[in-house]
Amino acid sequence: MSGGEPPDFAERVYALVRRIPPGRVTTYGRIARAAGAARSARMVGWLLHHSPPEVSDVAHRVVNRNGELTGGWAWGHPAVMRALLEDEGVTFVDEYQVDLEKHLWDPLDELDQSG
DNA sequence: AACATGACGGTAG
DNA sequence: TCTACCGCCATGT
């Protein structure tokens, strides 16, 4: 078997999503950028839609660039996703829009701090 | 193989 | 503020 290949984009995305701290949120674009494909935000969304339980368990911390719960229907209704976020202390500026200014977590910031 | 769609993002008008 | 278009690329028809 060939070894030494770089990790798949999917695995990088999943790893980043799992590192999102509770009470914080990030965006598809930020994850895509941190994974090395800034213009593949759609792939991040697609991957989360097909993510294993280990990842989908914290996927509610991923919102779109406007802080809207665009993936909320994955829980049956955006209200469920909102409840999960509120339970972690995330505040909202609208029915289904989180306060990005207040809770945004950038994966690149993590990489810069821990090296 | 061509076309449409999608848990997106950025730019242009 | 809102609409439209492009880029990205896996999946379904």
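Lettering of chains follows the sequences in order, A, B, ..., and the numbering in each one begins at 1. Being a predicted model, the structure only gives us computed values, none of them experimental.
- Distance check on atom P: dT5(B) versus dA4(C) gives 15 Å, rounded to whole Å.
- Under 4.0 angstrom from either OP1 or OP2 of dC8(B) there lies no side-chain N or O belonging to S40(A).
- Taking atom NE2 of residue H60(A) and atom P of nucleotide dA7(B), one finds them 19 Å apart after rounding to whole Å.
- Ion pair E95(A)/R82(A) flagged as a salt bridge, since at least one NZ, NE, NH1 or NH2 atom sits closer than 4.0 Å to an Asp/Glu carboxylate oxygen.
- In the set dC9(C), dC8(B), dG9(B), dG9(B) carries the atom at the smallest distance from any side-chain atom of R65(A).
- Per the geometry, CE belonging to M43(A) stands 6 Å off P belonging to dA10(C), to the nearest Å.
- The nearest whole Å value for the distance from the CG atom in N66(A) to the P atom in dC2(C) is 10 Å.
- Relative to the side chain of A41(A), the nucleotides dC8(C), dT11(C), dG9(B) differ in distance, and dG9(B) lies closest.
- One can place CZ of R39(A) at 9 Å from C1' of dC8(C), the figure rounded to the nearest angstrom.
- If you chain together hydrophobic residues whose side chains sit under 4.5 Å apart, M81(A) and V90(A) fall into the same group.
- Both V44(A) and V58(A) are members of a single hydrophobic cluster when ILVMFWY side chains are connected at heavy-atom separations under 4.5 Å.
- Residue V17(A) is not grouped with residue L104(A) when hydrophobic side chains (ILVMFWY) are merged at heavy-atom distances under 4.5 angstrom, including chains of intermediate members.
- The interatomic distance linking E68(A) (CD) with dC2(C) (P) rounds to 10 Å, in whole Å.
- A donor-acceptor contact under 3.5 Å links the side chain of R42(A) to the base of dG7(C).
- Here the nucleotide nearest the side chain of W46(A), chosen from dA10(C), dA7(B), dG7(C), is dA10(C).
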